[in-house]
Participant: 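Please see the structure below; I have some questions.
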Amino acid sequence: MRLASIHLYPVKSLGGVTVDEAAVEPWGLRHDRRWLVLHPDGSYLTARDEHRMLGVTAVPAAGSLTLTGLDGSRLTVAEPVDGDLVPTEVSRLEQIRLAPAEAHEWLSVQFGRSLRLAWLDDPRRRSVGLDHGGQPGDPLNLSDAGPLLAATTASMRRLNDWIADGAAERGEKLPEPLPVSRFRPNLVFDGVTEPFAEDGWQRVRVGSVDFRFAEVCDRCVLTTIDAATFRTGKEPIRTLSRFRKWDGKTWFGVRLIPLRDGVIRVGDDLTVS
């Protein structure tokens, strides 16, 4: 079993980047989900409401973030930012720091509405919820509930098989397999023999870095949006509702919490217990 790919999403709900290695910090992967798009009232915008966000990419570098818009324009914002702290509706976080005005203007042009870009200056100001597998003192970036999301190619293959079987039962044309990127995982593991074996993991080691299992991840309508066309379909929620539904939710992937800092690389061995 090995780490097959690593994915960073520097700005919540924007397109991300695939990397060969990443530094693991207590609150997640370095550069992952440290930025957020805000409405002027402090509520935040996600691709659930603005599908085109998935087509704007965010690429991190040492000391900067570069955004590429749907129109091909680019904006580079330096880190750290020193703007005002403003209220936010992000869970377990009272305030977030604003980026420079040019970032707000660029985002507002991209999406045709008044928006602001904001940065989480210190993830230690936010914690993993106790109801999401957190323990006192576990810090969190701007992810919904856990520092890292992991998926396996075995589970993705099984899900695509279920989707294909369902289409055949309905007499429909067989669909193209969904990419695992629909679930926006940070880590994708290959070589896991049994689909959904990850549901039962307690400890995970990737290379020399250890993680604690937090919970199985509940899935929302965001997974039904095609990042290339921005159109919404029925899959994978329709099929997950048939095979992976309990407690009124559908489930795919697992959330992990780092137990130590370190660097992980594609190809690193995976060991679980």
Side-chain angles (χ1 to χ4, degrees), residues 7-17 28 32-58 65 67-70 86-93 96 99 103-104 106-120 126 128-129 131-132 140-151 156 159 163 175 178-186 215-242 244-245 247-255:
H7 310 271
L8 303 176
Y9 305 92
V11 182
K12 191 177 180 69
S13 271
L14 295 193
V17 60
D32 187 57
R33 294 175 171 91
R34 291 290 294 274
W35 299 83
L36 189 67
V37 179
L38 291 178
H39 294 292
D41 65 359
S43 61
Y44 60 92
L45 181 66
T46 74
R48 298 179 187 90
D49 298 313
E50 176 52 86
H51 298 355
R52 293 176 299 168
M53 292 181 75
L54 297 173
V56 175
T57 59
L65 174 76
L67 304 175
T68 302
L70 297 169
V86 297
T88 177
E89 294 182 356
V90 174
S91 59
R92 300 178 305 284
L93 182 68
I96 195 166
H104 313 329
W106 188 89
L107 281 173
S108 298
V109 168
Q110 290 297 314
F111 299 112
R113 64 180 83 184
S114 181
L115 296 170
R116 300 186 294 181
L117 181 66
W119 183 62
L120 177 57
R126 188 175 185 233
V128 180
D131 56 339
H132 289 287
L140 181 61
N141 54 24
L142 293 171
S143 298
D144 285 345
L148 293 97
L149 176 66
M156 194 68 223
L159 174 58
I163 292 172
L178 292 181
V180 72
S181 58
R182 280 288 186 99
F183 295 97
R184 295 172 69 85
N186 294 113
E215 62 178 354
V216 183
C217 183
D218 55 307
R219 309 314 311 207
C220 69
V221 69
L222 183 61
T223 62
T224 66
I225 304 169
D226 187 320
T229 65
F230 311 133
R231 290 196 293 266
T232 301
K234 295 181 179 180
E235 298 295 358
I237 295 299
R238 174 170 58 183
T239 296
L240 288 176
S241 294
R242 181 178 178 184
R244 297 277 298 172
K245 185 173 183 178
D247 295 336
K249 299 177 181 180
T250 58
W251 308 85
F252 187 92
V254 296
R255 294 183 173 115

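Residues take their numbers from the sequence shown, with the count starting at 1.
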Participant: Does any part of the side chain of Pro147, heavy atoms only, come nearer than 4.5 Å to the side chain of Val128, both counted from C-beta?
Facilitator: yes
Participant: Could you check if a side-chain atom of Met53 sits within less than 4.5 angstrom of a side-chain atom of Leu14, using non-hydrogen atoms only?
Facilitator: yes
Participant: In the structure I gave you, are the side-chain heavy atoms of Val221 and Ile237 within less than 4.5 Å of one another anywhere?
Facilitator: no
Participant: Ignoring hydrogens, what is the shortest heavy-atom contact between Leu148 and Asn186? Give both atom names and the distance.
Facilitator: CA-OD1, 3.4 Å
Participant: Could you tell me which non-hydrogen atom of Leu222 sits nearest to which non-hydrogen atom of Ala47, and how far apart they are?
Facilitator: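 Minimum heavy-atom contact is CD1-CB, 3.4 Å.
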Participant: Rounded to the nearest 0.5 Å, what's the gap from CG on Leu115 to NE2 on His104? Could you check?
Facilitator: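 Leu115 atom CG to His104 atom NE2 measures 10.5 Å (nearest 0.5 Å).
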Participant: Is there a donor-acceptor contact under 3.5 Å from the side chain of His7 to the main chain of Val17?
Facilitator: no
Participant: If a pair satisfies side-chain hydrogen bond (donor to acceptor under 3.5 Å, both in side chains) and one of its residues is in residues 222-234, list it, with sequence neighbours excluded.
Facilitator: His51-Thr232
Participant: Would you give the length of the straight line joining atom CG of Leu93 to atom CG of Leu140, rounded to the nearest 0.5 angstrom?
Facilitator: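 The CG atom of Leu93 sits 9.5 Å away from the CG atom of Leu140.
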Participant: A side-chain contact here means heavy atoms from C-beta on lying under 4.5 Å apart; do Ile96 and Val86 qualify?
Facilitator: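 Yes, close enough: below the 4.5 Å cut-off.
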Participant: Hey, what do you get for CH2 (Trp251) to CG (Asp218), rounding to the nearest 0.5 Å?
Facilitator: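 Between Trp251 CH2 and Asp218 CG, I get 4.5 Å after rounding to 0.5 Å.
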Participant: Do the non-hydrogen side-chain atoms of Arg52 and Phe111 ever get within less than 4.5 Å of each other?
Facilitator: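 In short, these two side chains touch, coming nearer than 4.5 Å.
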Participant: Are side-chain heavy atoms of Arg113 and Glu50 found at a separation under 4.5 Å?
Facilitator: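 A side-chain contact exists here, since the closest heavy-atom pair is under 4.5 Å.
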Participant: Working to the nearest 0.5 angstrom, can you tell me the gap between Leu67 CG and Thr57 OG1?
Facilitator: 7.5 Å
Participant: Do side-chain atoms of Arg126 reach the backbone of Asn141 as a donor and acceptor pair under 3.5 angstrom?
Facilitator: yes
Participant: Hey, are the side chains of Leu120 and Arg34 touching, using non-hydrogen atoms and a 4.5 Å cut-off?
Facilitator: yes
Participant: Are any side-chain N or O atoms of Gln110 and backbone N or O atoms of Leu70, one a donor and one an acceptor, separated by less than 3.5 Å?
Facilitator: yes
Participant: Quick one: does Pro175's side chain get under 4.5 Å of Glu235's, heavy atoms only?
Facilitator: no
Participant: Which atom pair, heavy atoms only, marks the closest approach of Ser43 to Glu89?
Facilitator: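 What the structure gives for the nearest pair is CB-OE1, 3.4 Å.
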Participant: How long is the straight-line distance from CD1 of Ile163 back to CZ of Arg242, given to the nearest 0.5 Å?
Facilitator: 11.5 Å
Participant: Report yes or no: does Asp32 contribute a side-chain atom to a donor-acceptor pair with the main-chain N or O of Tyr9 at less than 3.5 Å?
Facilitator: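 Such a contact is found between Asp32 side chain and Tyr9 backbone.
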Participant: Would you check if the side chain of Arg244 reaches a backbone N or O of Phe252 as a donor-acceptor pair within less than 3.5 Å?
Facilitator: no
Participant: Is the ring pair Trp119/Trp35 parallel, tilted or perpendicular, if the boundaries are 30 and 60 degrees?
Facilitator: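 Tilted.
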Participant: Checking salt bridge (charged side-chain N to carboxylate O under 4.0 Å, His left out) for the pair Arg33/Asp144: CA distance, chi angles, key distance, verdict?
Facilitator: CA-CA 10 Å; Arg33 294 175 171 91; Asp144 285 345; over 6 Å; no
Participant: So, taking the atom named OG in Ser108 and the one named CZ in Arg116, what distance separates them when rounded to the nearest 0.5 Å?
Facilitator: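 Here the interatomic distance stands at 10.0 Å.
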Participant: Minimum heavy-atom separation for Gly55 and Phe230, please, with both atom names.
Facilitator: N-CE2, 3.6 Å
Participant: Which pair of non-hydrogen atoms, one from Lys12 and one from Leu142, has the smallest distance, and what is that distance?
Facilitator: NZ-O, 3.0 Å
Participant: Answer yes or no: is there a donor N or O on one side and an acceptor on the other, between the side chain of Ser13 and the main chain of Thr46, under 3.5 Å?
Facilitator: no
Participant: Which heavy-atom pair separates Glu215 from Ala145 by the least distance, and what is that distance?
Facilitator: OE2-CB, 3.9 Å
